[in-house]
Amino acid sequence: SEDVDDGLSEFGERQARNVGVFFAEEVDLTGFEFFTSPFLRCLQTSEIISSRCGMNPIVMPQLREYLNHGGRAAEVINRKGMFPRMDWSIFPDEGEVYEEEFNETFLHRMHEAYHLLPEKSVVCTHGLPALV
């Protein structure tokens with residue numbers, strides 16, 4: 001798809017359900033906080049996983065997708081109405097527009113996010129941010 005803020009595929013939904021079951025049955029999440037990117041597929045993934053393990057994800061803009069291609073900005077709306085169990089307190093009500101960023105800017109953002117996260121964190125983000 002052309003839209004970097006697309007929703008989950010059927011395969012992604014199955015993966016999220018499996019992770020949710022695994023977390024609920026195999027992982028002691030006592031004392032953990034759950035953080036998610038504001039992009040739709042991460043919100044959907046977080047909703048599925050967190051509903052299985054009784055957590056309320058915090059929407060954290062720093063965990064957003066890395067945009068370094070395509071020459072397009074991504075407008076990400078506030079989806080508080082679609083995901084009311086999530087904590088939207090650090091995401092603007094009016095949403096945000098994310099422009100392309102240089103590698104150095106991206107790495108600085110990931111460094112900032114890492115230092116904002118508590119030691120016990122569950123994080124739902126995108127490929128490159130997860131690797132960093």
Side-chain angles (χ1 to χ4, degrees):
S1 172
E2 295 289 318
D3 190 355
V4 295
D5 193 28
D6 275 345
L8 277 179
S9 65
E10 285 184 40
F11 179 70
E13 289 179 29
R14 280 196 314 273
Q15 287 180 311
R17 283 193 301 274
N18 289 337
V19 170
V21 168
F22 175 76
F23 277 3
E25 296 177 359
E26 304 292 334
V27 180
D28 180 7
L29 293 173
T30 304
F32 277 76
E33 291 184 65
F34 195 137
F35 297 87
T36 184
S37 162
F39 280 73
L40 182 58
R41 63 189 171 278
C42 287
L43 296 171
Q44 291 171 327
T45 300
S46 297
E47 180 74 12
I48 293 167
I49 293 170
S50 66
S51 69
R52 300 275 184 169
C53 49
M55 300 179 86
N56 295 321
I58 299 164
V59 180
M60 188 177 191
Q62 292 88 342
L63 297 174
R64 68 187 180 267
E65 179 69 282
Y66 178 40
L67 300 177
N68 69 339
H69 48 78
R72 290 176 288 131
E75 181 176 0
V76 178
I77 63 171
N78 186 310
R79 294 181 169 105
K80 190 184 317 185
M82 290 175 63
F83 301 96
R85 289 185 330 105
M86 296 186 187
D87 178 345
W88 289 86
S89 61
I90 60 176
F91 189 82
D93 287 340
E94 64 277 5
E96 291 188 316
V97 175
Y98 303 122
E99 303 287 341
E100 284 186 294
E101 59 189 337
F102 292 106
N103 292 344
E104 296 81 6
T105 308
F106 166 71
L107 291 172
H108 177 76
R109 176 166 53 89
M110 290 296 92
H111 183 77
E112 176 187 44
Y114 176 79
H115 287 287
L116 290 172
L117 292 169
E119 186 175 326
K120 290 184 168 187
S121 296
V122 172
V123 174
C124 181
T125 188
H126 311 270
L128 193 55
L131 288 173
V132 172

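Closest non-hydrogen pair, L63 versus H126, comes out as O-CD2, 3.5 Å. For the residue pair R79 and P38, the shortest heavy atom distance occurs at NH1-O, 3.6 Å. Of all the heavy atoms in R52 and R17, the pair that sits closest is NH2-CD, 3.9 Å. F23 and I49 get closest at one heavy-atom pair: CD2-CG2, 3.8 Å. Considering all non-hydrogen atoms of both residues, P57 and T36 come closest at CB-CG2, 4.1 Å. Contact record, G7 with Q44: CA-OE1, 3.1 Å, taken as the closest heavy-atom pair.
In this structure H108 satisfies the ring pair (Phe, Tyr, Trp, His ring centres under 6.0 Å) test with no other residue, sequence neighbours excluded. In this structure R85 satisfies the side chain to side chain donor-acceptor pair (under 3.5 Å) test together with S50, N56, sequence neighbours excluded. The side chain to side chain donor-acceptor pair (under 3.5 Å) search around T45 returns none, not counting sequence neighbours.
F106 is listed as a side-chain neighbour of R109, based on a closest heavy-atom distance under 4.5 Å. Inter-residue side-chain proximity for E101 and N68 is flagged as unmet; no heavy-atom pair is nearer than 4.5 Å. Counting heavy atoms from C-beta outward, D87 and V59 have side chains that stay 4.5 Å or more apart. For the pair F34/S121, no side-chain contact is recorded, criterion being any heavy-atom separation below 4.5 Å from C-beta on.
Hydrophobic clustering keeps F91 apart from V122 (ILVMFWY residues linked when any side-chain heavy atoms are closer than 4.5 Å, directly or through intermediates). Both F35 and L116 are part of a single hydrophobic cluster, where members link through side-chain heavy atoms under 4.5 Å apart.
A donor-acceptor pair under 3.5 Å is absent between the side-chain atoms of W88 and the main chain of G81, judged by distance alone.
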Stepwise, does the salt bridge (charged side-chain N to carboxylate O under 4.0 Å, His left out) test hold for E33 with K120? CA-CA 6 Å; E33 291 184 65; K120 290 184 168 187; over 6 Å; no
Working note: R41 + D5, criterion salt bridge (charged side-chain N to carboxylate O under 4.0 Å, His left out); need CA distance, chi angles, decisive distance, verdict. CA-CA 7 Å; R41 63 189 171 278; D5 193 28; 5.3 Å; no
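Remark: of the listed residues L40, L43, I48, I48 is the sole one forming a side-chain contact (heavy atoms from CB on, under 4.5 Å) with L8.
Separation of atoms OG1 (T105) and CG (L67) is listed at 12.0 Å; rounding is to 0.5 Å.
Taking the six-membered ring for Trp and thresholds of 30 and 60 degrees, Y98 and F39 have nearly parallel ring planes, at less than 30 degrees apart.
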